[in-house]
Every structure is written in C-alpha cells, then in structure tokens.
**Student:** 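Next up is a structure, given as structure tokens.
Sequential numbering from 1 along the given sequence is applied to the chain's residues.
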Amino acid sequence: MTLAACLWVLPMTAKADVTLTFGTYAADKPTETVRKYRPFLSFLAERMSEELGEPVIIKMKIAKEYEAGIEQLANGVVDFARFGPASYVHVVNKNSDVQMVAMESKKGGKRFKGVIVVHADSDIQSLEQLRGHSFAFGNELSTIGRYLAQAELLDAGVGSGDLQDFSYLGRHDLVGEAVGAGRFSAGALKESTYKKLVAKGVPIRVLATFDNVTKPWLAGADVPPNIVAAMRRVMLSSENEDIVQQIAKNGFLEGSDSDYDLVRSAMEKSQLF
C-alpha cells in the first residue's frame with residue numbers, strides 16, 4: 001500500500017501552468033521524509049517559475065516501499081524523484097527513457113560511505129568473523145542496505161549460507177537499532193544514519209566501510225525537455241543556498257548513467273549471496 005502525502009509547496013494560484021509531482025520512498029520515517037523535503041521543493045518551485053516564466057507548483061507523493069516508488073516513476077505516476085543508486089538501476093531497467101536531472105555532490109565528488117556495524121561491545125573485529133552470526137539488512141532493494149553490503153560480505157568469503165540468520169528490516173534506522181539492541185550481530189546502513197543513532201546513544205560501532213555513489217535526481221520519460229532543463233539549471237547553480245544544503249549538503253553535479261556502474265556490479269555480485 002502506498003502512503004501518499006500531497007503538499008502544495010507554493011501558494012495555489014488560480015491557474016497553474018506547470019504542476020509537477022515529486023516522488024520518493026521512505027528510507028527513514030515517512031514523517032521525517034516529508035519534513036525534510038518540504039522546504040527544498042518550495043525553493044525549487046519558486047526558482048523554476050523564474051526560469052520558465054510561468055508558475056510552477058510541486059506536489060509530493062511518498063511511497064512506503066522502494067518498489068512502489070520505482071514503479072511510480074517508471075510508469076509516470078510521479079514526474080520526478082530522488083532515488084538511491086540501486087533504485088536508479090531498477091527504474092532504468094523498467095523504463096530506459098527515464099531522464100537524469102543531476103546527482104548530489106559529496107564534497108565535490110560522487111561517492112560517500114556505507115557502513116557495516118556491530119554492537120559497541122562486540123568481539124567481532126572483521127567481516128570474516130561474521131560466519132555463524134546473524135545479519136540485518138535494510139530494504140531488499142536498498143543500495144547500501146542490501147546490494148553493496150552483500151557484495152562486501154561475499155568479498156570476505158561470507159555468503160548467506162555462512163550466516164546463522166539474516167533478515168531485511170526495511171529502514172536504515174531500524175537496522176542500527178536492532179544491532180544496538182542485540183537482536184542481530186551486525187547490520188548495514190548509511191553512515192549518516194549511523195552517526196545520528198550513535199548521537200542518540202545507540203551502542204553500535206563501525207566494523208567496515210564501503211563506497212557508494214551519491215543519489216540521482218530523475219525525471220520521468222514524459223516530462224518535457226524544457227522542464228527538465230530548467231530543473232537542472234536551478235539545481236546545478238544552487239550549491240550555496242541554505243535550503244538546498246539541507247537536502248544535498250554540497251549541492252549538485254551533472255550525472256551520467258555510467259556513474260552507477262559500481263552499483264550495477266554489486267547488484268550482479270549479490271545474486272551469488
């Protein structure tokens with residue numbers, strides 16, 4: 001079932017010449033997702049209105065699950081979206097005409113870290129030592145929470161048959177909390193969520209880190225080129241805006257399909273898990 005939140009992020013006008021629906025999925029709590037995006041979408045609508053010379057209104061639709069969010073963009077239910085790298089690979093496989101708008105920048109680059117964590121008091125010091133233990137993954141379509149983590153485990157000689165147990169918990173925060181509570185020996189989550197959980201007192205520590213690619217912003221196949229171009233111009237020129245930094249701390253970069261080859265390789269490898 002899809003959780004939809006439709007937000008008018010600009011005051012309604014008598015007639016909106018351009019109405020767009022932004023879609024994403026809740027990798028963390030849905031209420032937190034809405035709070036996070038609302039200011040940026042308002043900013044984007046205002047700047048796009050200036051670029052296009054006509055009013056732009058942006059609504060928001062949140063999918064509860066990754067797969068629903070992917071289907072929404074592939075089928076044109078939403079006009080543009082912010083996805084994780086693995087979801088980008090999946091949506092392009094479903095609709096090759098999906099358009100790249102931009103990629104988020106991480107200190108001027110396109111890579112950041114995922115982490116595999118254990119309890120703060122755990123005796124485990126290496127991935128190889130996870131044999132015979134339990135592991136918490138995120139969503140089954142998550143880049144960090146599944147594909148990259150499973151590729152890392154396989155590189156360490158640990159497959160699903162070597163684990164005592166493993167489960168997909170859906171969200172990064174749930175993974176970290178489950179490891180901190182001792183329900184799993186280890187788990188995979190994004191580094192930013194790990195830092196937030198530690199700050200809250202969740203007793204976990206990093207066992208291993210691995211590279212991930214920054215998030216792409218995508219437009220549906222049927223979004224007109226002038227709309228996509230205006231969105232791209234706004235995003236690429238907005239790195240110093242405080243509102244933008246709440247979403248993409250270092251702004252945006254031009255992106256291409258080949259930037260996600262790292263993730264494609266991990267997704268292929270994870271089939272052996």
Side-chain angles (χ1 to χ4, degrees), residues 3 5 24-40 62-66 69 82-87 104-107 109 111-127 129-130 133-153 156 158 163-215 245-250 263 266 270:
L3 173 66
T24 191
Y25 43 72
D28 294 303
K29 294 179 181 178
T31 52
E32 174 66 17
T33 302
V34 173
R35 185 200 63 78
K36 178 179 182 179
Y37 285 111
R38 187 196 306 264
F40 176 73
I62 302 177
K64 189 175 182 180
E65 302 291 343
Y66 283 58
R82 181 203 198 209
F83 276 178
S87 295
E104 293 179 11
S105 172
K106 185 71 172 179
K107 298 181 179 178
R111 299 285 179 91
F112 70 105
K113 297 295 183 182
V115 297
I116 292 174
V117 302
V118 294
H119 194 281
D121 297 329
S122 174
D123 293 331
I124 297 171
Q125 299 296 327
S126 70
L127 293 180
Q129 292 177 344
L130 289 176
H133 290 275
S134 58
F135 199 98
F137 295 103
N139 190 282
E140 291 186 58
L141 298 178
S142 172
T143 310
I144 287 174
R146 179 191 177 182
Y147 296 115
L148 292 173
Q150 290 181 356
E152 289 294 308
L153 290 172
V158 180
L163 295 173
Q164 180 188 61
D165 183 33
F166 68 92
S167 294
Y168 294 96
L169 304 187
R171 299 198 320 249
H172 296 287
D173 56 331
L174 297 180
V175 169
E177 289 167 357
V179 174
R183 296 197 298 274
F184 291 88
S185 303
L189 61 156
K190 57 186 178 182
E191 189 176 44
S192 60
T193 301
Y194 161 74
K195 290 178 178 179
K196 290 177 182 177
L197 292 175
V198 169
K200 288 170 55 178
V202 177
I204 52 178
R205 64 174 173 83
V206 173
L207 178 66
T209 64
F210 50 87
D211 277 343
N212 189 18
V213 186
T214 59
K215 291 181 182 292
Q245 291 173 2
Q246 294 173 23
I247 292 290
K249 184 177 180 181
N250 304 120
V263 176
S270 74

**Student:** Quick check: do Val175 and Thr193 have side-chain heavy atoms less than 4.5 Å from each other?
**Tutor:**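 SC-SC contact between Val175 and Thr193 ruled out.
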**Student:** Using side-chain heavy atoms (C-beta onward) and a distance below 4.5 Å, is Leu169 in contact with Phe184?
**Tutor:**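 Counting from C-beta outward, Leu169 and Phe184 do come under 4.5 Å.
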**Student:** Is the backbone of Gly180 close enough, under 3.5 Å, to the side chain of His119 for a donor and an acceptor to pair up by distance?
**Tutor:**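 Answer holds: yes.
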**Student:** Any donor-acceptor pair under 3.5 Å linking the side chain of Ser270 with the backbone of Tyr147?
**Tutor:**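 Not confirmed, Ser270 side chain does not pair with Tyr147 backbone.
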**Student:** Decide yes or no for Ile247 and Glu104: does some side-chain heavy atom of the first lie under 4.5 Å from some side-chain heavy atom of the second?
**Tutor:**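 Yes, their side chains come closer than 4.5 Å.
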**Student:** Pick one: which of Asn212, Asp211, Ile144 meets side-chain contact (heavy atoms from CB on, under 4.5 Å) with Lys113?
**Tutor:**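 Passing option: Asp211.
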**Student:** The test is side-chain contact (heavy atoms from CB on, under 4.5 Å); show your working for Leu130 and Leu207 and say whether it passes.
**Tutor:** CA-CA 10 Å; Leu130 289 176; Leu207 178 66; 4.1 Å; yes
**Student:** Only counting residues at least two apart or in another chain, list the ones meeting side-chain hydrogen bond (donor to acceptor under 3.5 Å, both in side chains) with His133.
**Tutor:**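 Partners of His133 under the side-chain hydrogen bond (donor to acceptor under 3.5 Å, both in side chains) test: Ser185.
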**Student:** How close do Asn250 and Lys107 get, heavy atom to heavy atom, and via which atoms?
**Tutor:**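 Closest heavy-atom pair between Asn250 and Lys107: OD1-N, 2.6 Å.
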**Student:** Roughly how far apart are Gln246 CD and Arg38 CZ, rounded to 0.5 Å?
**Tutor:**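 It is 12.5 Å, given to the nearest 0.5 Å.
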**Student:** In Å and rounded to the nearest 0.5 Å, what is the CG to CZ distance from Leu174 to Arg183?
**Tutor:**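 Answer rounded to 0.5 Å: 8.5 Å.
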**Student:** Taking all heavy atoms of Ala266 and all of Leu148, pick out the closest pair and write down the distance.
**Tutor:**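 That closest heavy-atom pairing would be CB-CD2, 3.5 Å.
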**Student:** Any idea which heavy atoms bring Gly170 and Tyr66 closest together, and the distance?
**Tutor:**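 Heavy atoms only, the tightest pair is O-CE1, 4.3 Å.
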**Student:** Check Leu127 against Ala156 and note the closest heavy-atom contact, atom names and distance.
**Tutor:**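 Shortest heavy-atom separation between Leu127 and Ala156 comes out as CB-CB, 3.7 Å.
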**Student:** Is there side-chain contact between Glu177 and Lys200, with at least one heavy-atom pair below 4.5 Å?
**Tutor:**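 Of all side-chain heavy-atom pairs linking Lys200 with Glu177, at least one is under 4.5 Å.
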**Student:** Minimum heavy-atom separation for Phe137 to Gly145, with atom names?
**Tutor:**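 Where Phe137 meets Gly145 most closely, the heavy atoms are CB-O, 3.0 Å.
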**Student:** Would you indicate whether the side-chain heavy atoms of Phe166 and Leu153 approach each other to under 4.5 Å?
**Tutor:**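 No - every pair of side-chain heavy atoms lies 4.5 Å or more apart.
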**Student:** Quick one: OG on Ser122 to CZ on Arg205, what's the gap to the nearest 0.5 Å?
**Tutor:**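 Interatomic distance, Ser122 OG to Arg205 CZ, rounded to 0.5 Å: 5.5 Å.
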**Student:** To the nearest 0.5 Å, what is the distance between CZ (Phe210) and CD1 (Ile116)?
**Tutor:**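 So the CZ of Phe210 and the CD1 of Ile116 are separated by 5.5 Å.
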**Student:** Which pair of heavy atoms, one from Val263 and one from Pro85, lies closest together, and at what distance?
**Tutor:**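 So the two residues come closest at CG2-CB, 3.6 Å.
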**Student:** When you measure from the side chain of Ser134 to the backbone N and O of Gln164, does any donor-acceptor pair fall under 3.5 Å?
**Tutor:**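 No, because the side chain of Ser134 does not come within donor-acceptor range (under 3.5 Å) of the backbone of Gln164.
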**Student:** Quick check against the 3.5 Å criterion: does Thr214 have a side-chain atom that pairs as donor or acceptor with the backbone of Lys106?
**Tutor:**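 Checked: no pair found.
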**Student:** Give, for atom CZ of Phe112 and atom NZ of Lys249, the distance between the pair rounded to the nearest 0.5 Å.
**Tutor:**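 So the gap between those two atoms works out to 13.5 Å.
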**Student:** Could you state the interatomic distance from OG (Ser142) to CD (Gln150), rounded to the nearest 0.5 Å?
**Tutor:**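 Answer rounded to 0.5 Å: 10.0 Å.
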**Student:** Between the side chain of Arg146 and the main-chain N/O of Tyr168, is any donor-acceptor distance below 3.5 Å?
**Tutor:**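 Checking the backbone N and O of Tyr168 against the side chain of Arg146, no donor-acceptor pair under 3.5 Å is found.
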